[in-house]
Amino acid sequence: MKVKQVIKHFTLLSMVAVGVSACSSTQDIEEQPTQAPVVLEPMIEEPMVEEPEVVSAVINNGVINIPVLEDAQVFAEFTDALPAVINYFSQSTEAQVITFYQQAFGDAYSQERKRDRLTLKYRQGEESMRVVISQQNKKRQVDVIIESNK
């Protein structure tokens, strides 16, 4: 046990001695060559060219506006950011709902019916739209979901 302590002390002392000798030795400081001054030239800013914005049926200047039928009774609306959703009831027939969204979004690239729900899918610019139409008592429930294709 004492041998280990002696080795520790010896190691510490030798480290201190090396540190002291390094600090106390005086070396001639060589003169460093001076560097030529750096001249900064003013930057010429070129005008920013804005990319043309893709026209969207639902997003205009960052505002998401999902089209709804005239008699829509909206019961849920989340249109602050994508994905955006609006849910509403309408007295319109299924055919009238389909025609309305065909006029708003163009032709659907996909149409699927499952469990009495018709799902229409549209794509326009950087957004994809999904319209789900279902029967609820004597009304139609319409759910519109807008997502980004990015």
Side-chain angles (χ1 to χ4, degrees), residues 1 4-5 7-16 18-20 22-23 29-150:
M1 187 80 160
K4 284 185 178 179
Q5 286 180 341
I7 292 174
K8 272 188 186 177
H9 289 293
F10 179 72
T11 305
L12 274 173
L13 284 173
S14 62
M15 289 172 61
V16 170
V18 169
V20 169
C23 290
I29 299 174
E30 296 179 19
E31 258 188 60
Q32 297 291 326
T34 58
Q35 194 175 18
V38 177
V39 178
L40 297 176
E41 294 183 20
M43 281 183 49
I44 299 172
E45 290 186 29
E46 295 190 20
M48 239 175 116
V49 178
E50 290 187 25
E51 296 286 323
E53 194 170 313
V54 177
V55 178
S56 171
V58 293
I59 301 176
N60 186 13
N61 292 327
V63 177
I64 301 169
N65 184 18
I66 300 174
V68 296
L69 288 157
E70 192 173 306
D71 69 336
Q73 296 172 327
V74 177
F75 62 90
E77 183 175 5
F78 305 97
T79 57
D80 293 339
L82 293 180
V85 177
I86 194 162
N87 308 97
Y88 65 92
F89 293 115
S90 173
Q91 294 290 343
S92 301
T93 65
E94 185 177 271
Q96 289 170 323
V97 175
I98 292 169
T99 302
F100 176 79
Y101 283 104
Q102 186 174 25
Q103 291 171 350
F105 300 144
D107 290 329
Y109 72 84
S110 172
Q111 181 173 326
E112 178 181 42
R113 187 177 298 274
K114 280 187 182 175
R115 293 186 221 113
D116 294 327
R117 288 188 185 123
L118 177 64
T119 301
L120 305 167
K121 294 181 180 178
Y122 304 88
R123 189 171 292 132
Q124 195 173 67
E126 294 181 350
E127 287 82 45
S128 57
M129 289 74 79
R130 192 173 39 190
V131 177
V132 181
I133 308 165
S134 59
Q135 183 72 34
Q136 299 292 334
N137 297 325
K138 296 185 183 220
K139 297 180 181 182
R140 299 272 175 289
Q141 178 176 332
V142 181
D143 307 312
V144 184
I145 300 103
I146 311 294
E147 298 175 303
S148 176
N149 289 332
K150 292 181 185 179

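Numbering starts at 1 and runs along the sequence shown. The structure displayed is predicted, hence computed values, not measured ones. Note: hydrogens, waters and symmetry copies are ignored here, and every other heavy atom, side chains too, is used.
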Does any part of the side chain of [Y], heavy atoms only, come nearer than 4.5 Å to the side chain of [X], both counted from C-beta?
{"X": "I66", "Y": "T79", "result": "yes"}
{"X": "I86", "Y": "V68", "result": "yes"}
{"X": "I133", "Y": "T119", "result": "no"}
{"X": "L118", "Y": "Q111", "result": "yes"}
{"X": "P67", "Y": "F100", "result": "yes"}
{"X": "M129", "Y": "Q124", "result": "yes"}

Rounded at 0.5 Å granularity, tell me how far [atom1] in [X] sits from [atom2] in [Y].
{"X": "F105", "Y": "S128", "atom1": "CZ", "atom2": "OG", "value": "10.5 Å"}
{"X": "I64", "Y": "L82", "atom1": "CD1", "atom2": "CG", "value": "4.0 Å"}
{"X": "R123", "Y": "E147", "atom1": "CZ", "atom2": "CD", "value": "11.0 Å"}
{"X": "Q91", "Y": "E70", "atom1": "CD", "atom2": "CD", "value": "13.0 Å"}

Identify, with sequence neighbours excluded, every residue that meets ring-ring contact (aromatic ring centres under 6.0 Å, His included) alongside Y88. none
Residues which pass ring-ring contact (aromatic ring centres under 6.0 Å, His included) with F75, listed by chain and number, not counting sequence neighbours: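 Partners of F75 by the ring-ring contact (aromatic ring centres under 6.0 Å, His included) criterion, ordered by chain and then number, come out as F89.
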Go through E94 and R113 one step at a time and tell me if the salt bridge (Lys or Arg N to Asp or Glu O under 4.0 Å) criterion holds. CA-CA 12 Å; E94 185 177 271; R113 187 177 298 274; 2.7 Å; yes
Counting heavy atoms not belonging to N149, are there more than 12 under 6.0 Å from its CG? yes
Please check if atom CD in Q136 has more than 12 non-hydrogen atoms from other residues, nucleotides or ligands closer than 6.0 Å.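 Count over threshold, so yes.
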Taking all atoms of both residues into account, what is the closest heavy-atom pair of [X] and [Y], and its distance?
{"X": "S92", "Y": "L69", "result": "OG-CD1, 3.9 Å"}
{"X": "Y101", "Y": "V142", "result": "CE1-CG1, 4.0 Å"}
{"X": "I98", "Y": "Y122", "result": "O-OH, 4.3 Å"}
{"X": "T93", "Y": "R140", "result": "C-NE, 3.7 Å"}

Assess whether a salt bridge exists between E112 and R130, defined as any Lys/Arg side-chain N lying under 4.0 Å from an Asp/Glu carboxylate O. no
With a 3.5 Å cut-off and no angle check, do the side chains of Q73 and K139 form a donor-acceptor pair? yes
Polar side chain donor-acceptor pair, Q102 to D107, under 3.5 angstrom: yes
